[in-house]
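Some notes on the structure that comes next.
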Number of protein chains: 2
Amino acid sequence: MSEPRWLDAREMAAWQGFLLASNRVGHHLEQQLKEGSGLSHPQYEILVHLGEAPGGEIRMTELARSVVTSKSGLTYQVGRLEKRGLVRRRSCPTDVRGVYAVLTDEGRRVLEGAAPGHVAAVREALIDVLDDAELNLLAEGLGRVARRLDPDGEAAASGSDRGDERGD
Amino acid sequence: MSEPRWLDAREMAAWQGFLLASNRVGHHLEQQLKEGSGLSHPQYEILVHLGEAPGGEIRMTELARSVVTSKSGLTYQVGRLEKRGLVRRRSCPTDVRGVYAVLTDEGRRVLEGAAPGHVAAVREALIDVLDDAELNLLAEGLGRVARRLDPDGEAAASGSDRGDERGD
DNA sequence: ACGCTTTGATTCGAATTTGAACAACCCTAG
DNA sequence: CTAGGGTTGTTCAAATTCGAATCAAAGCGT
């Protein structure tokens, strides 16, 4: 811990690229979603997860783990979605405290309406800008980065990936 | 605009990796900065830019362009930094409306105190997790992605990079 | 059955972000 | 010189975020 190892030019470029790309892609998608379907990105993510879950319902806590926002943030966003009729709350039969978030028909409709524009935006902003090698890097390298910072278990499967592949 | 081109498995993995890594690295650094120096990431970025500017001062509008936040967001954060004595405001002599944000001695001290821990965190979270080839791809690929989404000039220099390299 | 520790979800207050509206000002064409 | 158009920075309200505190209920060992 003597003199800190500063970043050389290449490392700096990588860091700057990562930082800028994160922010700009984030803003770009936020924008697209908002004007395309009136959804924020957190909200869209919630709908996606619900749409893929069997029965279209997930417990709040589990949902909070799959999504970027905190627990209280999730309560807020689900409340918002509920007010728009895209999601419904159902209390868990086996656990009085438990609450399921359930995707309504209307919610599924909105989700399916929003998805094409969203993937198109993702392609335009990120995927289609990169070549094969670069795509692999994002998947492998950044996957590794993300996994190392996993708030949950430090003990990730030693295989190249975990089992929670989800769509978009 | 017929049937949208969905993401195949590899593209999906890349997108997920990028998204997760962005969020987790962001949170990680935010956390580290906050408890290391009581600075938020936006605030730290402001100090860095000021620290590299000649005379340690930059016009508000120019600063707003270099940083992630919006114009009003910048006003807020500079106000915050001013209250902590790390930044001072100075009105521009040639333009009455103009305002320079100026790094104070105390501000420079705090910046220099915060920098080592920050780069260490950046290394730990991102840089040191990737090998040489991956760093190069990251710099090139995400640099390209970021440049394409540049809110300012669509007309970027055709060279591989622009001239605004900044430290961290 | 009884305490005690965890867990599930919400509520609350404080901090932050954004875009729109605003007031003041610069500059250039005519 | 002077009106019009663009700039500059701030203010404002609304939306969102987070973490800590809260409250009820489940799980557990005895």
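Below, each value reflects all heavy atoms present in this structure, side chains not excepted, and no hydrogens, waters or symmetry copies. Every chain is numbered from 1, with letters handed out A, B, ... down the list of sequences.
Legend: residues meeting salt bridge (Lys or Arg N to Asp or Glu O under 4.0 Å) with B:Glu124, ordered by chain and number and at least two apart, are absent. Here B:Asp8 pairs with nothing under the salt bridge (Lys or Arg N to Asp or Glu O under 4.0 Å) rule; sequence neighbours left out. In terms of the side chain to side chain contact (heavy atoms under 4.5 Å, CB included) criterion, residue partners of A:Asp128 (sequence neighbours excluded) are, by chain and number, A:Arg123, B:Arg5. The salt bridge (Lys or Arg N to Asp or Glu O under 4.0 Å) check on A:Glu112 picks up nothing, with sequence neighbours excluded. Judged as a side chain to side chain contact (heavy atoms under 4.5 Å, CB included), and not counting sequence neighbours, the contacts of B:Leu74 are B:Ile46, B:Met60, B:Leu63, B:Ala64, B:Thr69, B:Val78. Remark: B:Glu140 pairs with no residue by the salt bridge (Lys or Arg N to Asp or Glu O under 4.0 Å) rule, at least two apart or across chains.
Here D:dT17 presents its P atom at 14 Å from CD of B:Glu30, a figure rounded to the nearest Å. The CG atom of A:Leu39 sits 16 Å away from the P atom of D:dA15 (whole-angstrom rounding). Spacing between atom CD1 of A:Ile58 and atom P of C:dG8 amounts to 15 Å, rounded to whole angstrom units. Taking atom CG of residue A:Leu63 and atom C1' of nucleotide C:dT10, one finds them 15 Å apart after rounding to whole Å.
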Tabulate protein N/O versus nucleotide N/O from nucleotides 4-8 of chain D, keeping only pairs under 3.5 Å, one per line.
unit_1: D:dG6; atom_1: N2; unit_2: B:Arg97; atom_2: NH1; d: 3.4
unit_1: D:dT7; atom_1: O2; unit_2: B:Arg97; atom_2: NH1; d: 2.0

List every contact pair, protein side and nucleotides 15-18 of chain C side both N or O, where the distance is under 3.5 Å.
unit_1: C:dT16; atom_1: OP2; unit_2: B:Tyr76; atom_2: OH; d: 2.8
unit_1: C:dT17; atom_1: OP2; unit_2: B:Gln77; atom_2: NE2; d: 2.7
unit_1: C:dT18; atom_1: OP2; unit_2: B:Ser70; atom_2: N; d: 3.2
unit_1: C:dT18; atom_1: OP2; unit_2: B:Ser70; atom_2: OG; d: 3.3

Can you give the donor-acceptor pairs under 3.5 Å from side chains of residues 97-107 of chain A to other protein atoms, not counting sequence neighbours?
unit_1: A:Arg97; atom_1: NE; unit_2: A:Asp95; atom_2: OD1; d: 3.1
unit_1: A:Arg97; atom_1: NH2; unit_2: A:Asp95; atom_2: OD2; d: 3.0
unit_1: A:Thr104; atom_1: OG1; unit_2: A:Gly85; atom_2: O; d: 2.7
unit_1: A:Thr104; atom_1: OG1; unit_2: A:Leu86; atom_2: O; d: 3.1
unit_1: A:Thr104; atom_1: OG1; unit_2: A:Gly107; atom_2: N; d: 2.9
unit_1: A:Glu106; atom_1: OE1; unit_2: A:Arg109; atom_2: NE; d: 3.3
unit_1: A:Glu106; atom_1: OE1; unit_2: A:Arg109; atom_2: NH2; d: 3.1

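Along DNA chain C, the nucleotide nearest to A:Tyr100 and the one nearest to A:Gln31 differ in position, and the one closer to the 5' end is contacted by A:Tyr100.
You'll find the side chain of B:Val25 reaches within 4.5 Å of the side chain of A:Phe18, heavy atoms only.
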